[in-house]
Amino acid sequence: MSESPIEHEDEQDLPEQIAIRLEKRERLNALGDAYPVSLPITHTIAQVRAAYPELEIDVATGDEVAVVGRVMFQRNTGKLCFATLQAGSGERIQAMLSLDKVGEEQLELYKELVDLGDHLFVAGEVITSKRGELSILVTDWKMAAKTIRPLPNLHNELGEEFRVRHRYLDLIVRDRAREVVKIRAQVMASMRKTFADAAYLEVETPMLQTIHGGASARPFKTHSNAFDTELFLRIAPELFLKRAVVGGIDRVFEINRNFRNEGADRTHSPEFAMLEAYEAFGDYNVMAELTQRLIQNAAMDVFGTHQVVLEDGTVNDLGGEWARISMFESLSAAAGVEITPETPIAELKKLADKEGLEIDHPQHGKYVEELWEHFVKGDLINPTFVMDFPVDTSPLVRNHRSKAGVVEKWDLYIRGYEQATGYSELVDPVIQRERFVEQMKLAAAGDPEAMKLDEDFLKALEFGMPPTGGMGMGVDRLLMSLTGLGIRETIMFPLVK
RNA sequence: GGGCCUCUAGCUCAGUUGGUUAGAGCAACGGACUUUUAAUCCGUGGGUCGAGGGUUCGAUCCCCUCGGGGCCUACCA
């Protein structure tokens, strides 16, 4: 990337349009202020529009208003100039500057000093033009903030890379970009309300951790100068939220960033927003109900329906009671052979080989999950809880209360994506230690994602954790499910090199 | 990690089978215009063709290296 041209000392090197705008900025400062600290604004553009929903053509209301907006279009003629002003929230209104209202000097200055993209303050009467456009017939104008760089062309779609690298411009220029930011905020607010209604407390747990745990993933590493020690950006908040439950915070949730040092694609980002929730004396069934409620409430609060329309026009039906299927039963049905926790690993391997699956760190449960993804996952369009996972790939989940060889864990799939996961949490400190030891053997065998043993967490469990249900949900992925956008569109400022 | 593609003006894109001075629309500059709304009309300027190296009389184009981006694939509870 080239350095910013505005940093060049020699003005000759500046792109023409920037040099010209810098001169205009100087002139504005000489005449007054190109960036005034305050302006006598009386209305937002939205308020003006709302106050006059249906005016006839060529009407003068007699009402005076003063607004600011960014200049999005300009149509300058000899004695009458038009500009379209846009509020940050996207509403637009037309400003009209006529010779007989502002005088020759102010009209000339306006034409010379105001460019597309500038923040412009205008005061005047609310009218409609001869074409019926709601307008402000300007008596006073003032530069609210001079722009130095030209806005991108509004008549072509911006390239994807340009949009991500200049999200601030994307937000100015593209309604949908603003909408997505708003939807995200509303979804967050809705989920917090659902939690509040269920007497959950929101907490924040460490991002910097001395031992990363709670998930299987490669971490980002950093270093603390003060403690002279290696630290990890968290891959999950799970082990700290469970400590909170041990401490008696019986209903607790956190919405915050996780960091995973792994691949980035349409559904994965190195940093992503994660929701985790724990409920003492709940189990994975309770958490499934909570998860369904969170998502359905969000859809209803934001879109007013459980049938949300996605970017490509298809409808994502989130309504009704969501299906629950068993992992082993659905796999057996799809594969055409009975597969249970007792199925010999050699048989699973034979089936995987036949299907052309390569499995990295072969354990029984790994085979089952890979085969399940191969045979079943793609067909799960409507929201579906996949229940009861293999034990050896789920070290933090308690054994099923009645089925041998599986744990009380579900994954929620929506439109073929893993959306959330829920557990009846493992709270027995002795079994938890055994599970960690198993993970350490895997790590020793070279699995870089295997979990580390967290002695302090085990100590907390040894002080007694109540039976607890837990759930985790990728917030960015929820936004994807609600909008049909890629993850880099649901995150306002995704990581770019 | 592997494969394929891509990078040209502020933005969106053409183009050059290697040849004088690299084009368009919008944006900008000068001029005309009191009802435009992608205003219109006349005129003008604007480029290290991602960076570096090579081949060549001559490279934006061909080759190599590097960098950015995309798609597929692998990996990612």
Side-chain angles (χ1 to χ4, degrees), chain A residues 1-2 5 13-21 23-24 57-58 72-85 92-102 107 111-112 115-117 127-135 137 147-166 169-170 173 214-218 235-236 238 260-270 272 327 358-361 365-366 368-370 372-373 386 389-390 392-397 407 409-411 418 420-423 448-451 472 474 486 488 496-497:
Chain A
M1 291 291 291
S2 63
D13 286 349
L14 290 176
E16 179 193 33
Q17 297 195 44
I18 290 176
I20 289 165
R21 284 171 179 238
E23 282 168 26
K24 292 179 180 179
I57 285 171
D58 205 8
M72 301 304 283
F73 295 101
Q74 275 190 117
R75 297 167 294 279
N76 289 350
T77 71
K79 300 188 178 69
L80 181 63
C81 298
F82 302 86
T84 303
L85 304 184
R92 292 178 173 183
I93 197 163
Q94 176 168 270
M96 295 168 62
L97 288 91
S98 79
L99 179 63
D100 53 14
K101 288 287 177 194
V102 299
L107 191 65
K111 282 197 261 187
E112 287 170 16
D115 288 307
L116 285 177
I127 64 162
T128 55
S129 72
K130 286 180 181 169
R131 297 288 169 85
E133 181 83 25
L134 186 66
S135 306
L137 185 57
T147 58
I148 298 309
R149 291 176 187 268
L151 230 44
N153 174 0
L154 292 155
H155 314 302
N156 299 100
E157 287 198 0
L158 294 173
E160 144 88 17
E161 188 185 357
F162 187 90
R163 291 211 319 264
V164 170
R165 288 187 188 276
H166 306 83
L169 293 176
D170 191 29
V173 157
S216 304
R218 296 176 208 206
I235 56 175
E238 175 154 353
R260 297 188 184 178
N261 206 343
E262 291 169 347
D265 61 29
R266 207 181 146 71
T267 58
H268 296 84
S269 171
F272 60 99
M327 170 167 274
E358 286 178 29
I359 286 147
D360 267 359
H361 299 282
K366 188 85 176 169
V368 172
E369 288 189 21
E370 294 280 345
W372 182 87
E373 286 188 16
V386 181
F389 276 61
D392 49 8
T393 51
S394 307
L396 302 169
V397 193
V407 293
K409 166 183 173 176
W410 51 255
D411 271 2
E418 188 188 337
T421 188
Y423 303 166
E449 291 161 14
M451 291 184 194
R488 287 207 309 284
V496 282
K497 261 173 105 175

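Labels below follow one simple rule: chain letters A, B, ... track the order of the sequence lines, proteins then strands, and each chain is numbered from 1.
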Is [N] paired to anything, Watson-Crick or G-U wobble with both distances less than 3.5 Å, and if yes, which nucleotide?
N: B:rG19; result: B:rC57
N: B:rU65; result: B:rA51
N: B:rG1; result: B:rU73

[X] near the nucleic acid: base, sugar-phosphate alone, or nothing, with a heavy-atom cut-off under 4.0 Å?
X: A:Phe162; value: sugar-phosphate
X: A:Asp58; value: nothing
X: A:Tyr423; value: base
X: A:Arg92; value: nothing
X: A:Gln94; value: base
X: A:Glu160; value: nothing
X: A:Gly117; value: nothing

Partners of [X] by side-chain hydrogen bond (donor to acceptor under 3.5 Å, both in side chains), sequence neighbours excluded?
X: A:Asn156; result: A:Asn153
X: A:Asp392; result: none
X: A:His166; result: none
X: A:Glu157; result: none

Could you work out which one of [options] sits closest to the side chain of [X]?
X: A:Glu133; options: B:rU34, B:rU37, B:rC76; result: B:rU37
X: A:Leu158; options: B:rG69, B:rC11, B:rA39; result: B:rC11
X: A:Ser129; options: B:rG68, B:rA77, B:rU37; result: B:rU37
X: A:Phe82; options: B:rG69, B:rU35, B:rC11; result: B:rU35
X: A:Arg488; options: B:rG70, B:rU34, B:rU37; result: B:rG70

Closest-nucleotide ordering on RNA chain B, the 5'-leading residue of A:Lys497 and A:His268
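Per heavy-atom nearest nucleotide, the more 5' residue is A:Lys497.
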
Toward the 5' end of RNA chain B, which comes first, A:Arg260 or A:Ile127, by nearest nucleotide?
->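 Counting from the 5' end, the first nearest nucleotide belongs to A:Ile127.
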
When rounded to the nearest Å, what value does the distance between [atom1] atoms of [N] and [M] take?
N: B:rG2; M: B:rC75; atom1: P; value: 15 Å
N: B:rC11; M: B:rA28; atom1: C1'; value: 13 Å
N: B:rU44; M: B:rA27; atom1: C1'; value: 15 Å
N: B:rC26; M: B:rG46; atom1: C1'; value: 14 Å
N: B:rA74; M: B:rC66; atom1: P; value: 26 Å
N: B:rG18; M: B:rC62; atom1: P; value: 7 Å
N: B:rG45; M: B:rA22; atom1: P; value: 13 Å
N: B:rG53; M: B:rG58; atom1: P; value: 15 Å

Spacing of [X] atom [atom1] relative to [N] atom [atom2], expressed in whole Å:
X: A:Arg165; N: B:rC7; atom1: CZ; atom2: C1'; value: 12 Å
X: A:Arg266; N: B:rG69; atom1: CZ; atom2: C1'; value: 16 Å
X: A:Phe73; N: B:rU37; atom1: CZ; atom2: P; value: 12 Å
X: A:Leu107; N: B:rC33; atom1: CG; atom2: P; value: 12 Å
X: A:Met72; N: B:rC11; atom1: CE; atom2: P; value: 16 Å
X: A:Arg218; N: B:rG1; atom1: CZ; atom2: C1'; value: 11 Å
X: A:Ile235; N: B:rA77; atom1: CD1; atom2: C1'; value: 11 Å
X: A:Leu134; N: B:rU37; atom1: CG; atom2: C1'; value: 13 Å

Give, for atom CD of A:Gln74 and atom NZ of A:Lys111, the distance between the pair rounded to the nearest 0.5 Å.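 If we round to the nearest 0.5 Å, A:Gln74:CD and A:Lys111:NZ are 11.0 Å apart.
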
Between the protein and nucleotides 47-52 of chain B, are there any N/O to N/O pairs under 3.5 Å, and if so, what are the atom names and distances?
none

Nearest atoms (heavy-atom pairs only) where [X] meets [Y]:
X: A:Lys497; Y: A:Arg165; answer: O-NH1, 2.7 Å
X: A:Arg266; Y: A:Gly486; answer: NH2-N, 3.5 Å
X: A:Leu151; Y: A:Gly117; answer: CD2-CA, 3.8 Å

Could I get the full list of salt bridge (Lys or Arg N to Asp or Glu O under 4.0 Å) partners for [X], not counting sequence neighbours?
X: A:Lys101; answer: none
X: A:Glu373; answer: A:Lys377
X: A:Asp170; answer: A:Arg163, A:Arg167, A:Arg174

* **Short side-chain N/O contact from A:Lys130 to OP1 or OP2 of B:rU35, under 4.0 Å** =>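 Negative; the distance criterion is not met.
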
Q) Do A:Arg21 and A:Thr147 have side-chain N/O donor and acceptor atoms under 3.5 Å apart? A)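 A:Arg21 vs A:Thr147: donor-acceptor pair found between side chains.
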
The contact string for nucleotides 24-31 of chain B, one letter per nucleotide 5' to 3', using protein heavy atoms under 4.0 Å with B, S and - for base, sugar-phosphate only and none, comes out as -BBBSS--

